[in-house]
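Single-structure report; data block below.
The sequence lines fix the lettering, A, B, ..., with proteins before strands; numbering per chain opens at 1.
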Amino acid sequence: MPELPEVETVVNDLKNKIIGRKIKSVWFDASKLIKRPKLAVFVKEIRGLKIGNIKRRAKNILIYLSSDKILLVHQKMTGHLLYGKWLIRNKKPISSLPGVMREKVNDYIHLIFYLDNGWQIALSDLRKFAKVVFGPKDEIESLEELKKLGPEPLERNFDFKKFQQALKDKKGKIKQVLMDQTVISGIGNIYSDEILWLAKIHPFRPANQLKDPEMKKIFHFIKAVLKKAVKLRGTSVSDFRDPEGKSGHYANQLYVYQREGEKCPRCQGAIKRLKMGSRSAHFCPNCQKL
DNA sequence: ACTAGCCCCTGGGAGC
DNA sequence: TGCTCCCAGGGGCTAG
């Protein structure tokens, strides 16, 4: 599932490929992914727009277009933004790049933007959770879902004071607080598990009861883990792919995520998985005491 | 105003 | 082999 490092990878890759290109037309077969505006308006208004900058905000991808428009894409669980060439056969996109194996994810392409250089940006999504929103710049930027987002953990001005401030009054379990996009943006289930294991903090600890040194450790590993994951182009443990369909390399750096029953790399104890709401937390009960 | 929990969705894996 | 059931989970939404 794409978290900050995966989305950052996608944004950086797309920057090199599609800035300056024009969107010629659109194809789709799952209109539910396009939340707004109405389909007819979307198809009509996006045609001919030129791609300016591309930015990441939390796990959202913001594609700035001419005419002061923004295309917002959230990949949610299984969404991929791909750059390639596809042909529509029997209403399904088939890769048309010579020598490129037809990837499984291509069966799940539900939206294609045709560019003026003959290439395409495609949104594939097995579970159809992804979200696409298009509209005037000021309208998109003032969407509640963007405005309520917490600070970006990798930004230089996100210092320990800001982190402390963000955790203050948060009675919830630290893992859930780390994943709360209104507290800090970009962290999901995988990296929260890893951060807390490295910091030796039990995922169920109430956030506002953490001592300063503990908070410092978490703060340190938030930056360290996310930076390293960005460098390694993300984690492909479920099915993250970059725009060329390639996997990230952080998966073999994982210490606890999806390693239930395996030995803790630090103390050789057994890694546990506990339900936390509708999510699961992976941790070492020996290293991470409640 | 908060939070806990359901829901969206579909493939993969376990169990029989 | 083939069926059923459970699981993965970001975030929007609702009920309490």
| request: Figure out the NZ/P separation between K32(A) and dG12(C), and round it to whole Å. | output: 14 Å
| Counting distance only, does the side-chain N/O of E152(A) pair as donor-acceptor with the main-chain N or O of F158(A) below 3.5 Å? | no
| task | Using only side-chain N and O atoms of K131(A), determine if any of them is under 4.0 Å from OP1 or OP2 of dG12(C). | result | yes
| R57(A) CZ to dG11(C) P: how many Å, rounded? | 12 Å
| Nearest to side-chain heavy atoms of M179(A), which nucleotide of dA8(C), dC8(B), dG10(C) | dG10(C)
| request: Tell me whether the OP1 or OP2 atom of dC6(B) has a side-chain N or O from R279(A) closer than 4.0 Å. | output: no
| said: Using a 5.5 Å cut-off between ring centres and planes within 30 degrees, is F129(A) stacked on the base of dG11(C)? | reply: no
| message | What I want to find out is whether K91(A) reaches D29(A) closely enough, with some N-O distance under 4.0 Å, to be called a salt bridge. | response | no
| query | Does a nitrogen or oxygen in the side chain of Q181(A) sit under 4.0 Å from OP1 or OP2 of dG11(C)? | reply | yes
| NZ of K171(A) versus P of dA4(B): gap in Å, rounded? | 9 Å
| note | From NZ of K76(A) across to P of dG10(C) the rounded distance in Å is 11 Å
| task | Could you check which of dG11(B), dC9(B), dC7(C) has an atom nearest any side-chain atom of L126(A)? | result | dG11(B)
| note | When rounded to whole Å, the CG to P distance for the pair D125(A) and dG9(C) reads 16 Å
| task | Dump the intermediate steps for side chain to side chain donor-acceptor pair (under 3.5 Å) on Q253(A) and K228(A), then the final yes or no. | result | CA-CA 10 Å; Q253(A) 307 282 323; K228(A) 189 172 180 188; 2.8 Å; yes
| note | 5'-most contact on DNA chain B (nearest-nucleotide basis), G172(A) vs K128(A), goes to G172(A)
| said: On the nucleotide dG9(C), are OP1 or OP2 found under 4.0 Å from the side-chain N or O atoms that Y257(A) carries? | reply: yes
| Quick check, are the ring centers of Y257(A) and Y191(A) under 6.0 angstrom apart? | no
| task | Would you indicate, yes or no, if dG11(C) has its OP1 or OP2 atom less than 4.0 angstrom from a side-chain nitrogen or oxygen of H74(A)? | result | yes
| Distance in angstrom units between I190(A) CD1 and dA8(C) C1', rounded | 11 Å
| remark: Whole-Å distance, D180(A) CG to dG11(C) C1', equals 11 Å
| query | Taking only N and O in the side chain of K59(A), is any of them less than 4.0 Å away from OP1 or OP2 of dG11(C)? | reply | yes
| field | S280(A) side-chain N/O to dG9(C) phosphate OP1/OP2 under 4.0 Å | value | yes
| field | Atom pair distance, as rounded to whole Å: CZ in R273(A) and P in dC7(C) | value | 8 Å
| Checking all strands, does K173(A) fall into the base, sugar-phosphate, or nothing category for heavy-atom contacts under 4.0 angstrom? | nothing
| query | Does Y108(A) put a side-chain nitrogen or oxygen below 4.0 Å from OP1 or OP2 of dC9(B)? | reply | no
| field | K170(A) atom NZ, neighbour heavy-atom count above 12 within 6.0 Å | value | yes
| field | Side-chain donor or acceptor of N60(A) paired with backbone N/O of H74(A) under 3.5 Å | value | no
| said: With a 4.0 Å limit, can you tell me whether K148(A) has a side-chain N or O closer than that to the phosphate oxygens OP1/OP2 of dG12(C)? | reply: yes
